[in-house]
Amino acid sequence: MSGGRESGGERGEYRLTGNRRKWIVLAVLTLAAAGLLSPWASDLPDGLERVAGDLGFIDRETAVHSFSPMPDYEVPGIRGEAARTGLAGLIGSGVLGAVLWCALRALAKKER
Amino acid sequence: MHIPDGYLSMEVCAATTAAGAAAAVCALRRTRSELARPRVPAAALTGAFIFAAQMLNFPIAGGTSGHFLGSALAAILFGPWAAAAIMTAVLIIQAVLFHDGGITALGANILCTAVIGSFVGHGSYRAALRLMKGRLRAAASFAAAWVSIVAAACGVALLLALSGAAPLPAVLGAMVGWHALIGIGEGLITTAAVLCLTERGVSRAIREDALRGGAPA
């Protein structure tokens, strides 16, 4: 593990880019992926589901709770599957960005 | 690779919930000392990106799909502890808001993807760089991402075997096989993101030189 504060850079050689434009591009990509591309994602079983099907333990799945507001990445009560999924993606990314921003800001309180 | 409720036995759920909670607390503590405040917006944005990218399942082979994991990317950019914290947040939001990944399996998912994925990703990235003397960062990122997702898959396989869902050799072979393929996508996305989002820290070296020797006369 790297020593302390420069854990993201390699021996001080590489570090996060300070180029704002690149981070803005990442934000745009995030919104595009969550809002526009997510409805067209593959519906095929993922690696774990495939293995569960092949090895016969997929029936073990149970629903312990049913209080998720947006199960299967769809906002209920909206017409059109693409809109349901895209909106769920945008909400999820927004919530996550906000939660992480607040939590990490509170954690990383001390100025360096 | 989100374990749903029911796949794991009660004992495994209890043990992984305790261990996952401990790991999450530890990750938050270490993040406090290792994540500098100016990096917070980038870390939050990276977390949002990982969530969005995880929604995009891509077909691989034989009627199976896979999706980006992101542990290695977060670990390369922000260090393993901050990455574990970011990935834990992603998993909690997915389980609570979207019913993706079980609540009783949340600890197991944290251990496999947030902890194993981040630390293996970070460790193999640094090992690969050392091996290649700092050259070929693209190859190091690709390898780290691939090893990271395969290691996380091994963790899931081990927990499934411990739960009596399937015998270990069968489930380990199947999980590693599929995730070795998914790992190619993981490697490509991680490599592109790492190359775009990092740069040589020339300015800091210059600043340090100036501090050391360049005091005004």
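Labels below follow one simple rule: chain letters A, B, ... track the order of the sequence lines, proteins then strands, and each chain is numbered from 1. Reckoned from all heavy atoms, side chains included, excluding hydrogens, waters and symmetry mates.
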Novice: Is there side-chain contact between B:Leu35 and B:Val40, with at least one heavy-atom pair below 4.5 Å?
Specialist: yes
Novice: What option among A:Asn19, A:Val51, A:Asp54, A:Leu29 has the most heavy-atom pairs under 4.5 Å with chain B?
Specialist: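 It is A:Val51.
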Novice: Please classify the contact between B:Leu197 and chain A as side chain, backbone, both or neither, with a heavy-atom cut-off of under 4.5 Å.
Specialist: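 The answer is both parts of B:Leu197.
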Novice: Decide yes or no for B:Ser141 and B:Tyr125: does some side-chain heavy atom of the first lie under 4.5 Å from some side-chain heavy atom of the second?
Specialist: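 Side chain of B:Ser141 against side chain of B:Tyr125, heavy atoms only: contact under 4.5 Å found.
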Novice: Select one option (side chain, backbone, both, neither) describing which atoms of A:Ala88 are under 4.5 Å from chain B's heavy atoms.
Specialist: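 Both the backbone and the side chain of A:Ala88 come within 4.5 Å of chain B.
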Novice: Any idea which of B:Leu160, B:Ile93, B:Leu56 has the most non-hydrogen atom pairs under 4.5 angstrom with chain A?
Specialist: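 Maximum pair count with chain A is reached by B:Leu56.
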Novice: Go through B:Ile50, B:Ile182, B:Val171 and name the one with the most non-hydrogen pairs under 4.5 angstrom from chain A.
Specialist: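 Of the options given, most contacts go to B:Val171.
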Novice: Under 4.5 Å heavy-atom distance to chain A, tell me which part of B:Val156 shows up: side chain, backbone, both or neither.
Specialist: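 Contact with chain A: side chain only.
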Novice: Under 4.5 Å between any side-chain heavy atoms of A:Leu104 and B:Arg37, yes or no?
Specialist: no
Novice: Heavy-atom pairs under 4.5 Å with chain A: which of B:Ala174, B:Gly63, B:Ala166, B:Gly47 has the most?
Specialist: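 That would be B:Gly63.
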Novice: Below 4.5 Å from any heavy atom of chain A, which atoms of B:Val90 appear? Answer side chain, backbone, both or neither.
Specialist: both
Novice: Is the number of heavy atoms from other residues, nucleotides or ligands within 6.0 Å of CH2 (A:Trp101) greater than 12?
Specialist: no
Novice: Side chain, backbone, both or neither: which part of B:Thr64 has a non-hydrogen atom closer than 4.5 Å to chain A?
Specialist: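 Both parts, heavy atoms under 4.5 Å.
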Novice: Can you say whether B:Leu8 sits under 4.5 Å from chain A via the side chain, the backbone, both, or neither, judging by heavy atoms?
Specialist: backbone
Novice: Return the option, out of A:Leu37, A:Asp72, A:Thr30, with the maximum number of heavy-atom pairs under 4.5 Å with chain B.
Specialist: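 Answer, by heavy-atom pair count under 4.5 Å with chain B: A:Thr30.
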Novice: With respect to chain B, which residue among A:Ser42, A:Gly18, A:Ala41 yields the maximal number of heavy-atom pairs within a distance under 4.5 Å?
Specialist: A:Ser42
Novice: Do B:Arg39 and B:Phe78 meet the cation-pi criteria used here (NZ or CZ under 6.0 Å from the six-membered ring centre, within 45° of the axis)?
Specialist: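 Not satisfied by the 6.0 Å and 45° rule.
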Novice: Measure distances from B:Phe49 to the heavy atoms of chain A and classify the residue's part below 4.5 Å as side chain, backbone, both or neither.
Specialist: both
Novice: Keeping B:Ser33 on the side-chain end and B:Arg30 on the backbone end, is there a donor-acceptor pair under 3.5 Å?
Specialist: yes
Novice: Between A:Asp46 and A:Arg50, does any side-chain N to carboxylate O distance fall below 4.0 Å?
Specialist: no
Novice: Mind checking whether B:Leu106 and B:Ile92 have side chains closer than 4.5 Å, heavy atoms only?
Specialist: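 The answer is yes, as the side chains (C-beta and beyond) meet within the 4.5 Å cut-off.
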Novice: Contact part of A:Leu31 toward chain B, heavy-atom cut-off under 4.5 Å: side chain, backbone, both or neither?
Specialist: neither
Novice: Any heavy-atom pair between the side chains of B:Met1 and B:Asn109 that's under 4.5 Å?
Specialist: no
Novice: Would you mind telling me which of A:Ser38, A:Ala34, A:Gly53, A:Gly92 has the largest number of heavy-atom pairs within less than 4.5 Å of chain B?
Specialist: A:Gly92
Novice: Where does B:Leu181 contact chain A at under 4.5 Å (heavy atoms): side chain, backbone, both or neither?
Specialist: neither
Novice: Checking an interface table here. Which of residues 94-103 of chain B come within a heavy-atom distance under 4.5 Å of chain A?
Specialist: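 Counting heavy atoms that sit under 4.5 Å from chain A, the residues of residues 94-103 of chain B involved are B:Gln94, B:Ala95, B:Val96, B:Leu97, B:Phe98, B:His99, B:Asp100, B:Ile103.
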Novice: Checking B:Ile86 against chain A: side chain, backbone, both or neither under 4.5 Å from a heavy atom?
Specialist: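 Both parts, backbone and side chain.
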